[in-house]
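Okay, structure first, notes after.
Proteins get letters first, then strands, A, B, ... in listed order; numbering begins at 1 in each. Worth saying up front: this structure is predicted, and the values here are computed from it rather than measured.
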Amino acid sequence: MIDPLLAADEEPGLSAAPPSYLSGLNPEQLLAVQTTEGPVLVLAGAGTGKTRVLTSRLAHILASGRARPWQVLAVTFTNRAAGEMRERVAAISGADAGKLWLGTFHSVGVRILRAHADKVGLRPNFTVLDADDQLRLLKQVMADANLDPKRYPPPMVLAAIQGWKDRGLTPDKVPDEDDRAEGKAIGLYRLYQQRLLTVNATDFGDLLLLVLELFTHNADILTQYQERFRYILVDEYQDTNVAQYLWLRLLARKNGNLCCVGDDDQSIYSWRGAEIDNILRFEHDFPGATVIRLERNYRSTPHILAAASGLIAHNDGRLGKTLMPGRPADPGSTKVELRGVWNGEEEARFVAERIAELERHGQRLSEIAILVRAGFQTREFEERLMRVGLAYRVVGGPRFYERQEIRDALAYLRVIAQSADSLAFERIVNLPKRGIGDSTLQVVHKLARAQNLPLVDAVRRLLDTDDLKPRPKATLSALLDQFAAWAKLAEILSPAELAKTVLDQSGYLAMWRADPAPDAPGRVDNLKELVAALESFDSLTAFLEHVSLVMENDAQAGAEKISLMTLHGAKGLEFDVVFLPGWEEGLFPHPRALDEQGMRGLEEERRLAYVGLTRARERAIISHAAERRVYNQWMHPPPSRFLEELPGEHVERAQIRGLDARPPGLAERDTAWSAPKPAKPAATFQPGDRVFHQKFGYGRVLISDAGKLDIEFDKAGMKKVIDSFVAKA
DNA sequence: ATCTTTCTAGTTTTT
DNA sequence: CTAGAAAGAT
């Protein structure tokens, strides 16, 4: 309901005081909240109160009676952001925030798609496949097409398909010259889409692409949504891809009330198809747009702000914002701290010691974060923190729903909810072991492919023939009966009860109980946890959708623990103290980003560094190691080029040394030099030995003759090498 | 059909 | 190094 008093506030002269949700906003923020009509681009620098503006704007639109909750579409980038926004809008404007169309692009997409599934060839209970299933499906399609996966690596083909989907391209719209895998990829894309429809499933990209298709081919449906959504809000606009842009354009075409909030300096998802041009071109795409800049930063100390600004200034192609300190300079505030260490181990020790020290001075652990470039870097810190007894949590680490036993259990539920889900069926058809092996499945696959059937249907038909051997046939027949029985049970049991029954009767739980492996009990526990998680859902489909779209891992949020996460994962968060380890060439900027994207890649890495720095309120502590072991290989990376780009007057080197001198701490810690890596024993090599060479990588010895080796290297081919240059692998 | 061994290839970020 | 696939053994 609209509060008439609040609505009256909009009438000039009648209002006694501005509504409470407007108080405390600075002039730019206020403008961003109150400019409700027409296209608006809000360029919100880090820490400038973006979330506040978004929620106030939503509240304002609702409270002023401009729209009812279900007439507002608000899309965010993460589920976390969506949840937070819903909560805050509810707190400000009271009722009905639950009726807002508020969620990620993908969750809004799936909602629309389920309502009109028939229009795109799906049934409403379609499954959303995760990355793993996508790849398996593509591998099957490629096998059917007799394509050698060695020659055309499935992950590359899948990446191409995803890239096309991100750009809103269906198979027939992909230009021939964009084809990959020697002209095979477009055809595979088409077959892959066909197979998805057959098994009544979509992948992530489809949640955007198919909605786009739905809208462009059904003018009436498009109109319906255009009229419904009177106001559209988009968060993190810099990370939208082309498909999402086209989506928004279609939906906003009618009334034009599109407000996009973003920061071009924080665009870090180009590898996922994000198109930074979307935000750079907004004024061009939406003529007459109002552009509002939020440049007053209330989060970080002036030193941190200046360091981050100085760094990002090295990027070209920015819209240009200048972050101004919104809080007074505190004479006691520290500069950005920079620390060189000997190796990764010492880095972890340094960070842990520093944290312990801060904690002694009253710093809360929940306000400390260690932000790394790549997931594997967390391990060293975990080990150290565990050893010294500092509580931590890894945010976005291995996800609960991605564990093997959970995926297996989910596969059972998926088949029950949607029998055509062939990927799920295949996963559990022989789990626990039922004697259904390759040869049997081969027969099933052949029929399924020939007739374009889901696997279950293919099995059902084969039961009437003699194409299957008697024993597997009987087993499959029993299994299908079991599935039918469970499907019936699903109608009367709660999802949690159903899951319990299925895990029991299928023998899946018993399988793990009987497993002597040390991790088996943990898996049984996880399965119990899964059942517990199911209890808060009243429909199986709702739960499965939650699993596929909401990959959150926020169970322990708020606990008094250090947060350990990737830089990507930290976007949108803030902490008192932020550690930024691993600022070395070869790690950060990540060479792969450079290889694939060149200058653009470097700029994105720099933005990532910027995001990292601007997470910090009080302290940012950067470190780099002189020596690091990566995959069994010692690297001696120079410090990251980003270090030189930080403005010197806002940075404090912990110990004064030249950037490329030996790392500090070395002279004091003579152990580091006097006991370097154990001296290489003069190893002798036999033909057939696996060896490692600093330059040529791994290889195999073919001939060994008086210290001279002929080696066939995996990558570099045949080389003659002196034996002291290689080590046993 | 399933278990065991051998080999190879891939190593970032995530809705 | 390690996961996953292929090949070989039971």
Side-chain angles (χ1 to χ4, degrees), chain A residues 75-82 103-110 128-132 134-136 139 143 149-150 153-156 159 162 165-166 202-208 236 239-241 243-244 267-274 371-379 395-399 402 404 430-442 469 471-472 475 545 547-553 565-571 582 586-597 601 604-605 607-608 611-612 629-633 688 690 692 697-700 714-715 729:
Chain A
V75 276
T76 62
F77 197 65
T78 63
N79 292 294
R80 187 181 64 209
T104 61
F105 274 100
H106 294 88
S107 64
V108 173
V110 85
V128 182
L129 300 184
D130 63 16
D132 212 63
Q134 285 173 45
L135 195 58
R136 287 201 297 140
K139 279 180 186 167
K150 295 256 165 61
M156 280 189 193
Q162 267 161 347
K165 289 191 175 183
D166 286 341
T202 67
D203 64 14
F204 263 95
D206 283 343
L207 299 182
L208 306 171
E236 308 280 17
D239 285 326
T240 51
N241 61 32
Q244 288 161 336
S267 168
I268 54 176
Y269 282 104
S270 75
W271 51 272
R272 216 174 74 186
L371 307 182
V372 295
R373 176 64 183 86
F376 74 86
Q377 290 173 265
T378 57
R379 214 198 61 235
V395 181
R399 300 201 184 88
E402 282 173 4
Q404 183 196 336
N430 198 31
L431 206 71
K433 299 270 178 291
R434 298 188 175 93
I436 310 291
D438 261 358
S439 55
T440 306
L441 279 180
Q442 217 75 133
K469 288 183 210 133
R471 205 161 351 158
T475 311
E545 185 146 311
V547 171
S548 50
L549 294 181
V550 184
M551 288 291 208
E552 98 292 341
N553 199 0
M565 64 181 106
T566 63
L567 287 161
H568 283 89
K571 192 164 78 151
L587 190 55
F588 189 40
H590 199 286
R592 249 186 107 118
L594 270 44
D595 289 350
E596 282 162 21
Q597 298 275 343
E604 180 149 318
E605 294 289 293
R607 290 193 290 270
L608 204 47
V611 166
R629 190 168 53 174
V630 184
Y631 302 117
N632 203 27
Q633 188 177 164
R690 288 287 291 172
F692 178 77
Y698 287 94
R700 181 177 305 284
D714 299 351
K715 304 243 161 63

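For the atom pair CD (A:Gln244) and CG (A:Asp166), the distance works out to 7.5 Å, reported to the nearest 0.5 Å.
Between A:Ile436 atom CD1 and B:dA1 atom P the separation is 8 Å, expressed in whole Å. Protein atom CG of A:Leu208 is 14 Å distant from nucleotide atom P of B:dT15, rounded to whole Å. One atom, NZ of A:Lys165, and another, C1' of B:dT14, lie 17 Å apart when rounded to the nearest Å. Atom P of nucleotide B:dT11 and atom CZ of A:Phe376 are separated by 13 Å, given to the nearest angstrom. Rounded to whole angstrom, the span from the CZ atom of A:Arg379 across to the P atom of C:dT2 amounts to 9 Å. Protein atom CG of A:Asp203 is 14 Å distant from nucleotide atom C1' of B:dT14, rounded to whole Å. Between the C1' atom of B:dT11 and the CD atom of A:Gln377 lies a distance of 13 Å, rounded to the nearest Å. At whole-Å resolution of the value, CG in A:Leu441 and C1' in B:dT2 are 14 Å apart.
Each of B:dT14, B:dT12, B:dA1 was ranked by its minimum atom distance to the side chain of A:Thr440; first place goes to B:dA1. Closest to the side chain of A:Lys433, out of B:dT12, B:dC3, B:dT15, is B:dC3. With B:dT15, B:dA1, B:dT12 as the choices, the nucleotide that has an atom nearest any side-chain atom of A:Thr104 turns out to be B:dT15. Taking only side-chain atoms of A:Trp271, from C-beta outward, the nucleotide of B:dC3, B:dA1, B:dT13 with the closest atom is B:dT13.
Residue order along DNA chain B, read from the 5' end via each residue's closest nucleotide, puts A:Asp438 first among A:Asp438 and A:Ala593.
For B:dT14, the base is not stacked against the aromatic ring of A:His568, per a cut-off of 5.5 Å between centres and 30° between planes. Under the stacking definition used here (centres under 5.5 Å, planes under 30°), the residue A:Phe204 qualifies as stacked on the base of B:dT15.
A:Asn430 has a side-chain polar atom (N or O) that falls below the 4.0 Å cut-off from OP1 or OP2 of B:dT2. For A:Ser439, a side-chain nitrogen or oxygen approaches OP1 or OP2 of B:dA1 to under 4.0 Å. The shortest distance between the side-chain N/O atoms of A:Ser107 and the OP1/OP2 oxygens of B:dT15 is not below 4.0 Å. Note on A:Lys571: every side-chain N or O is 4.0 Å or more away from OP1 and OP2 of B:dT13.
Within 4.0 Å of A:Lys139, counting heavy atoms only, lie sugar-phosphate atoms of the nucleic acid but no base atom. Nucleic acid contact for A:Phe105: none, since no nucleic acid atom lies under 4.0 Å from a heavy atom of the residue.
Comparing the same atom, P, in C:dG4 and in B:dT13 gives a spacing of 16 Å after rounding to whole Å.
Cation-pi check for A:Lys571 over A:Tyr269 is not met; the charged atom does not lie both under 6.0 angstrom from the ring centroid and within 45 degrees of its normal.
Residues A:Phe204 and A:Gln134 form a side-chain contact, since some pair of their non-hydrogen atoms from C-beta on lies under 4.5 Å apart.
Across every non-hydrogen atom of A:Ala81 and A:Thr76, the tightest pair is CB-CB, 4.0 Å.
With sequence neighbours excluded, no residue satisfies salt bridge (charged side-chain N to carboxylate O under 4.0 Å, His left out) with A:Arg272. Contacts of A:His590 classified as ring-ring contact (aromatic ring centres under 6.0 Å, His included), with partners at least two apart in sequence or in another chain: none.
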